[in-house]
Amino acid sequence: MPTALITGITGQDGLYLAELLLSKKYEVYGLIRGQNNPKLDLVRNTLPEVKLITGDLTDVASLVRVLEISNPDEIYNLGAISFVAYSWENASLTSDVTGKGVLNILEATRLFAGDDIEKVRFYQASSSEMFGKVQAVPQTESTLLWPRSPYGVAKTFGHYMTINYRESYGMHASSGILFNHESPRRGPEFVTRKISQSVARIHLGLQSEIILGNLDAKRDWGFAGDYVDAMWRMLQQPQGDDYVVSTGEAHSIKEFLNEAFAVVGISDWSKYVKQDSKFMRPAEVDLLIGNATKAKEVLGWEPKVSFSELVQMMVESDVAQQQDLKT
Ligand code: F7E
């Protein structure tokens, strides 16, 4: 039975990945941060088979201890401060966790594995935010990185550190450059879930409007459940490498609004949507669209859920959830 360690187990991707690995008969360990982590019960209730160990990406010694306890064949480093807007307000903390945290777990892995470094396979959750002010359309694995937020800069550090450990120590380390990926499990601070939740509440008469920032930004949105499969496929290859994971389609926030309101039968949403500059970013990423040809050809990976299906899934799930809360 192979063993996997997932950092960021409490997030959307952590839960989907743990489900996938459990279905493949892995023994799954999850890294849990902090005392009384409020999301601990979420993992325990959703996936009681996952074994949870306390540790912190900012503390190398704790990571070595976690590796000694779990003795993993595969490590998936999904842990990060992942909300881009927050990263301007907490740039130093974001750099420590999202950036230096990657170095810490790579170094802990090297110390733990010793001469046997090839026995452990490592996945780093890199991000399309690294492309920022895009230098080519669509973006591929070799597009120049130009991050536009402290979060993007921190992810870029982690990305290059992963490549460096592969090149310096022969580590089986892979970096998945994942474009935006969403689901009913997405946190409500992200624009897709903020919209799906608000549309559900407007439909049920629980809310009268949504206040958003920039409606013109375009993102390449896929389904998180599809994307964790690409992570696993990367670690089954003979060598570590970097892969773009995306749908190859970009949609604006306005298009997301069109689709989401259409699910509840509203075609003109203008009276429900307001804008406020407090949701605008100091430096915006205007357009992200990925070219996942390499993932398709090498990993045999393709997204299964379309943009419309994703929006429908999220709005329907929120309608059901809000109805439950109402009763
Ligand atoms: O913003 C615009 C906002 O916060 C998307 C993370 O998973 O994907 C995610 O980062 C767009 C931006 O995601 C609101 O300005 C407008 O242009 O949903 P988001 P993100 O910043 O793209 C990447 C790949 C990651 O790696 C990240 O970890 O939507 N927008 N109005 C808004 N965004 C938010 N959050 N809230 C608004 O009211």
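Just so you know, ligand 1 is whichever comes first in the structure, and atom 1 is the first atom listed for that ligand.
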For residues 60-69, run the donor-acceptor check on the side chains, cut-off 3.5 Å, and write out each pair with its distance to 0.1 Å, sequence neighbours left out.
unit_1	atom_1	unit_2	atom_2	d
S62	OG	D56	N	3.0
S62	OG	D56	O	3.2
S62	OG	D59	O	2.8
R65	NH1	T54	O	3.4
R65	NH2	T54	O	2.9

Are L106 and N164 close enough that some pair of their side-chain heavy atoms sits under 4.5 Å apart?
-> no
Any side-chain donor-acceptor pair under 3.5 Å between S308 and S306?
-> no
Measure and list all N/O to N/O distances between ligand 1 and the protein that fall under 3.5 angstrom.
unit_1	atom_1	unit_2	atom_2	d
ligand 1	1 (O)	R281	NH2	3.4
ligand 1	4 (O)	R281	NH2	2.8
ligand 1	7 (O)	R186	NH1	3.3
ligand 1	7 (O)	R186	NH2	2.8
ligand 1	8 (O)	N180	ND2	3.1
ligand 1	15 (O)	E284	OE2	2.6
ligand 1	17 (O)	R219	NH2	3.1
ligand 1	17 (O)	E284	OE1	2.9
ligand 1	17 (O)	E284	OE2	3.0
ligand 1	18 (O)	V191	N	2.9
ligand 1	21 (O)	R281	NH1	2.6
ligand 1	22 (O)	N180	ND2	2.8
ligand 1	22 (O)	R219	NE	2.9
ligand 1	26 (O)	S127	OG	2.6
ligand 1	26 (O)	Y151	OH	2.7
ligand 1	28 (O)	S82	O	2.6
ligand 1	28 (O)	Y151	OH	2.8
ligand 1	31 (N)	G213	N	2.8
ligand 1	35 (N)	E189	O	2.9
ligand 1	38 (O)	K194	NZ	2.7

Donor-acceptor contacts under 3.5 Å from residues 79-89 side chains, at least two apart:
unit_1	atom_1	unit_2	atom_2	d
S87	OG	V84	O	2.7
S87	OG	Y151	N	3.0

Selection residues 158-184 - residue pairs positive for ring pair (Phe, Tyr, Trp, His ring centres under 6.0 Å), sequence neighbours left out | F131-F179, Y165-Y169, H181-Y227
Will you find, in the side chains of T247 and D220, an N or O donor that is under 3.5 Å from an N or O acceptor?
-> yes
